[in-house]
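The structure appears below as structure tokens.
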Amino acid sequence: MAWALKLPLADEVIESGLVQDFDASLSGIGQELGAGAYSMSDVLALPIFKQEESSLPPENENKILPFQYVLCTATSPAVKLHEETLTYLNQGQSYEIRMLDNRKIGELPEISGKLVKSIFRVVFHDRRLQYTEHQQLEGWRWNRPGDRILDIDVPMSVGIIDPRSNPNQLNTVEFLWDPSKRTSVFIQVHCISTEFTMRKHGGEKGVPFRIQIDTFKENENGEYTEHIHSASCQIKVFKPKGADRKQKTDREKMEKRTPQEKEKYQPSYETTILTECSPWPEITYVPNAPSPGFNTSHSSFSIGEGNGSPNDPPEPPAPIVDVSSGITPVQNLLPTSTPQEAQQWLHRNRFAAFSRLFTNFSGADLLKLTRDDVIQICGPADGIRLFNALKARMVRPRLTIYVCQESQQLREQEQQKHENGEPGNGAFFVYHAIYLEDLTSVELTEKIAQLFSISPHQINQIYKQGPTGIHVLISDEMIQNFQDESCFILDTMKAETNDSYHIFLK
């Protein structure tokens with residue numbers, strides 16, 4: 001039997017009124033917002049959805065960028081949703097970044113068949129460090145003299161043309177490339193994230209960096225100044241193999257989380273997609289010296305000549321000469337040398353990379369530096385070279401011998417008088433030093449000829465007195481077996497046939 005509940009008339013009226021009021025309230029939703037109140041595009045335009053959208057892979061974005069840069073390294077799995085991806089790198093290891101051309105047909109026709117220039121930078125992610133970037137980099141330069149923050153591994157790279165780096169910009173490199181051809185550049189980051197943290201108790205977290213790529217096209221004047229595209233990604237740099245250990249630790253931590261917790265984190269992508277960003281502003285404190293090779297408003301110096309080979313070092317810069325003051329380059333650094341003359345000396349002796357460190361140093365200031373000071377500033381290799389140049393140290397010869405020009409007969413007479421107890425005639429024997437580098441008989445002949453002020457052609461043969469008084473013809477091999485700092489009595493015998501001499505070493 002079916003039971004029906006019948007409401008009184010008054011209750012029916014109340015129920016009917018409630019239904020009408022509820023319908024009216026629903027019909028009023030969105031009237032003030034207009035017909036587009038329920039548009040999904042408006043909902044996705046909210047900041048929270050924009051943030052999530054930016055973390056998605058580029059293929060899910062509606063906007064197609066002209067270029068895409070892919071860092072061929074996996075992202076960290078310990079990054080929450082709506083946050084930017086984070087990639088771990090090893091210090092000094094080469095990592096590939098693929099330069100992809102995503103242009104549609106007819107898009108940016110002005111660069112078709114032409115080269116573009118890309119500038120790579122490693123910059124700070126934290127805004128606080130960005131404000132003090134100059135001071136941070138100068139401190140790093142002082143602690144790591146001669147090193148760079150960012151380098152290009154030219155032999156492994158493909159499709160890059162004329163790679164360049166400015167010695168005044170340790171964190172920047174640049175090159176030309178053809179978008180229509182395959183291009184991959186391998187970069188090396190030499191600083192680690194913990195080098196810029198406040199060291200207190202050890203074990204501190206390192207600061208994150210950003211790899212930023214800015215691409216420019218050529219303008220009417222042939223200068224690469226017209227900005228096309230910029231993209232960047234967040235990285236952290238560890239000591240060698242540290243990035244692999246950190247990636248493994250993050251993966252193991254994620255495996256221990258519950259499925260509900262895992263939903264709060266984004267997956268680890270096999271590659272890192274650099275996301276679009278604003279172009280990096282020009283650095284005002286770096287002098288804008290024009291690049292040799294191609295015109296640009298950006299300061300750059302060539303890594304190599306023409307083909308960009310790292311084995312071809314660039315030509316050293318010309319010495320700085322103040323024409324207006326009439327100052328000419330100094331040959332030797334003297335204590336009285338001015339700071340300008342000291343700069344000229346540094347450039348001429350291939351120390352231009354350190355000229356900025358010694359901007360206000362006079363000749364006396366440089367000459368007062370100890371060996372340890374110079375090595376700490378310039379590094380072991382260049383430091384030792386600079387110290388030797390400052391002290392004007394000569395290269396030690398391979399062999400030194402001493403010869404005496406007095407006759408053997410006079411020497412024997414003096415020795416006989418000494419043995420008999422007779423007073424000598426007061427004669428004393430002077431030896432001359434002969435320094436040999438090539439250790440050849442020809443070199444010895446030339447040095448002896450200089451000693452006698454005769455022509456080398458006048459020396460017929462050189463002999464050395466051997467066992468039992470025999471005369472042994474001196475050869476290259478015999479000179480190479482001379483004991484260093486040996487003493488010889490040098491006697492001469494004039495040849496009968498022509499105006500030449502036989503030399504005897506006893």
**Message:** Which heavy atom of Leu399 sits nearest to which heavy atom of Ile479, and what is that distance?
**Reply:** CD2-O, 3.7 Å
**Message:** Applying side-chain contact (heavy atoms from CB on, under 4.5 Å) to Phe238 and Gln91, what does each step give before you reach the verdict?
**Reply:** CA-CA 6 Å; Phe238 297 81; Gln91 179 188 23; over 6 Å; no
**Request:** Please confirm whether the backbone N or O of Asn221 pairs with a side-chain atom of Asn219, one donor and one acceptor, at under 3.5 Å?
**Result:** yes
**Request:** Might you work through the salt bridge (charged side-chain N to carboxylate O under 4.0 Å, His left out) test for Glu226 and Lys217, ending with a clear yes or no?
**Result:** CA-CA 5 Å; Glu226 295 191 16; Lys217 65 179 179 179; 3.6 Å; yes
**Fill in**
In this structure, CD1 of Ile459 is separated from OG of Ser441 (nearest 0.5 Å) by 11.0 Å
**Prompt:** Do Phe358 and Leu366 have side-chain heavy atoms sitting under 4.5 Å apart?
**Reply:** yes
**Check: Glu443 main-chain N/O paired with Glu446 side-chain donor or acceptor under 3.5 Å** = no
**Item:** Ion pair Lys114/Asp178, N-O distance below 4.0 Å
**Value:** no
**Request:** Step through it carefully: locate the ring centre of His125, locate the ring centre of Phe209, and say whether they are under 6.0 Å apart.
**Result:** no
**Message:** Is there a side-chain contact between Arg210 and Phe124 in this structure, where contact means two heavy atoms from C-beta onward sitting under 4.5 Å apart?
**Reply:** no
**Asked** Should Thr272 and Thr75 be marked as a side-chain hydrogen bond (donor to acceptor under 3.5 Å, both in side chains) after you check the CA-CA gap, both sets of side-chain angles, and the distance that decides it?
**Response** CA-CA 6 Å; Thr272 304; Thr75 61; 5.5 Å; no
**Request:** Salt-bridge test for Glu218 and Lys117: reply yes if a basic N is under 4.0 Å from a carboxylate O, no otherwise.
**Result:** no
**Request:** Evaluate the ring planes of Phe120 and Phe175, with Trp represented by its six-membered ring, and classify them as parallel (under 30°), tilted (30 to 60°) or perpendicular (over 60°).
**Result:** tilted
**Prompt:** Is the shortest side-chain N to carboxylate O distance from Lys241 to Asp244 below 4.0 Å?
**Reply:** no
Atom pairs and distances, donor-acceptor, side-chain atoms in residues 449-457, under 3.5 Å, two or more places apart:
{"from": "Ser455", "atom 1": "OG", "to": "His457", "atom 2": "N", "distance (Å)": "3.3"}

**Asked** Would you find a donor on one side and an acceptor on the other, under 3.5 Å apart, between the side chain of Asn171 and the backbone of Ile149?
**Response** no
**Message:** Within this structure, what is the CD1-CD1 distance for the pair Ile401 and Ile434, rounded to the nearest 0.5 Å?
**Reply:** 4.5 Å
**Request:** Write out all pairs satisfying ring-ring contact (aromatic ring centres under 6.0 Å, His included) with one or both partners inside residues 363-385, taking only residues at least two apart or from two chains.
**Result:** none
**Asked** Could you go step by step and tell me if Ser118 and Trp177 meet the side-chain hydrogen bond (donor to acceptor under 3.5 Å, both in side chains) rule?
**Response** CA-CA 8 Å; Ser118 289; Trp177 59 289; 2.7 Å; yes
**Request:** Decide yes or no for His190 and Asp151: does some side-chain heavy atom of the first lie under 4.5 Å from some side-chain heavy atom of the second?
**Result:** yes
**Prompt:** Should Arg164 and Glu174 count as an ion pair when the cut-off is N to O under 4.0 Å?
**Reply:** no
**Item:** Spacing of OG1 belonging to Thr183 relative to CD1 belonging to Ile97, to within rounding of 0.5 Å
**Value:** 12.5 Å
**Message:** For Asn168, is there any backbone N or O sitting under 3.5 Å from a side-chain donor or acceptor partner on Asn166?
**Reply:** yes
**Prompt:** Aromatic rings Phe67 and His229: how do their planes relate, parallel, tilted or perpendicular, breaks at 30° and 60°?
**Reply:** tilted
**Message:** Contact between Gln247 and Ser268 at the side-chain level, heavy atoms closer than 4.5 Å - yes or no?
**Reply:** yes
**Asked** Do Arg148 and Val173 have side chains that get closer than 4.5 Å, going by heavy atoms?
**Response** yes
**Asked** Does OH in Tyr435 sit with more than 12 non-hydrogen atoms of other residues, nucleotides or ligands closer than 6.0 Å?
**Response** no
**Asked** So, for Ala342 and Gly363, which heavy atoms are closest and what is the spacing to 0.1 Å?
**Response** CB-N, 4.4 Å
**Prompt:** Going through the distances and angles, do Trp140 and Phe196 end up as a side-chain contact (heavy atoms from CB on, under 4.5 Å)?
**Reply:** CA-CA 8 Å; Trp140 191 88; Phe196 299 95; 3.7 Å; yes
**Item:** Minimum side-chain heavy-atom gap Leu150-Val189 below 4.5 Å
**Value:** yes
**Item:** side-chain contact (heavy atoms from CB on, under 4.5 Å) assessment of Leu129 paired with Asp126
**Value:** CA-CA 6 Å; Leu129 292 174; Asp126 296 339; 4.3 Å; yes
**Message:** Please report the interatomic distance CD1(Ile462) to NE2(His471), rounded to the nearest 0.5 Å.
**Reply:** 14.0 Å
**Item:** Step-by-step side-chain contact (heavy atoms from CB on, under 4.5 Å) determination, Val116 to Ile228
**Value:** CA-CA 9 Å; Val116 296; Ile228 304 176; 4.1 Å; yes
**Request:** Output yes when a side-chain donor or acceptor of Gln93 lies under 3.5 Å from a complementary backbone atom of Asn90, and no otherwise.
**Result:** no
**Prompt:** Are there more than 12 heavy atoms of other residues, nucleotides or ligands under 6.0 Å from atom CZ of Arg385?
**Reply:** yes
**Message:** Donor-acceptor check, side chain of Ser337 to backbone of Leu333, threshold 3.5 angstrom: yes or no?
**Reply:** no
**Message:** Taking the cut-offs as 6.0 angstrom to the six-membered ring centre and 45 degrees off its axis, would you call Arg245 and Tyr88 a cation-pi pair?
**Reply:** no
**Request:** Grab the two heavy atoms, one from Gln212 and one from Ser230, that are nearest each other, plus how far apart they are.
**Result:** NE2-CB, 4.4 Å
**Request:** To the nearest 0.5 Å, tell me how far Arg121 CZ sits from Ile213 CD1.
**Result:** 11.5 Å
**Request:** Using atom types as modelled and distance alone, determine if a side-chain donor or acceptor of Asp373 lies under 3.5 Å from a backbone N or O of Leu369.
**Result:** no
**Residues, nucleotides or ligands: over 12 heavy atoms within 6.0 Å of Gln483 CD** = no
**Prompt:** Any side-chain heavy atom of Asp438 within less than 4.5 Å of one from Leu436?
**Reply:** no
**Asked** For Cys233 and Leu71, which heavy atoms make the closest approach, and how far apart are they?
**Response** SG-CD2, 4.2 Å
**Asked** Would you find more than 12 non-hydrogen atoms of other residues, nucleotides or ligands less than 6.0 Å from Glu485 atom CD?
**Response** yes
**Prompt:** Ring centroid separation for Tyr95 and Phe186, is it under 6.0 angstrom?
**Reply:** no
**Prompt:** Would you say the side chain of Leu390 lies within less than 4.5 Å of the side chain of Trp345, judging by non-hydrogen atoms?
**Reply:** yes
**Asked** Roughly how far, to the nearest 0.5 Å, is the CD atom of Gln344 from the OG atom of Ser355?
**Response** 12.0 Å
**Expected output: side-chain Ser193 to main-chain Val207 donor-acceptor under 3.5 Å** = yes
**Prompt:** For Arg182, does its backbone N or O pair with a side-chain atom of Arg98 as donor and acceptor, under 3.5 Å?
**Reply:** no
**Prompt:** If you look at every heavy atom in Ser157 and Ile152, which pair is closest and at what distance?
**Reply:** OG-CG2, 3.8 Å
**Fill in**
For Leu274 and Ile211 the tightest heavy-atom approach is CD2-O, 3.9 Å
**Item:** Residue Asn360 excluded, over 12 heavy atoms near CG under 6.0 Å
**Value:** no
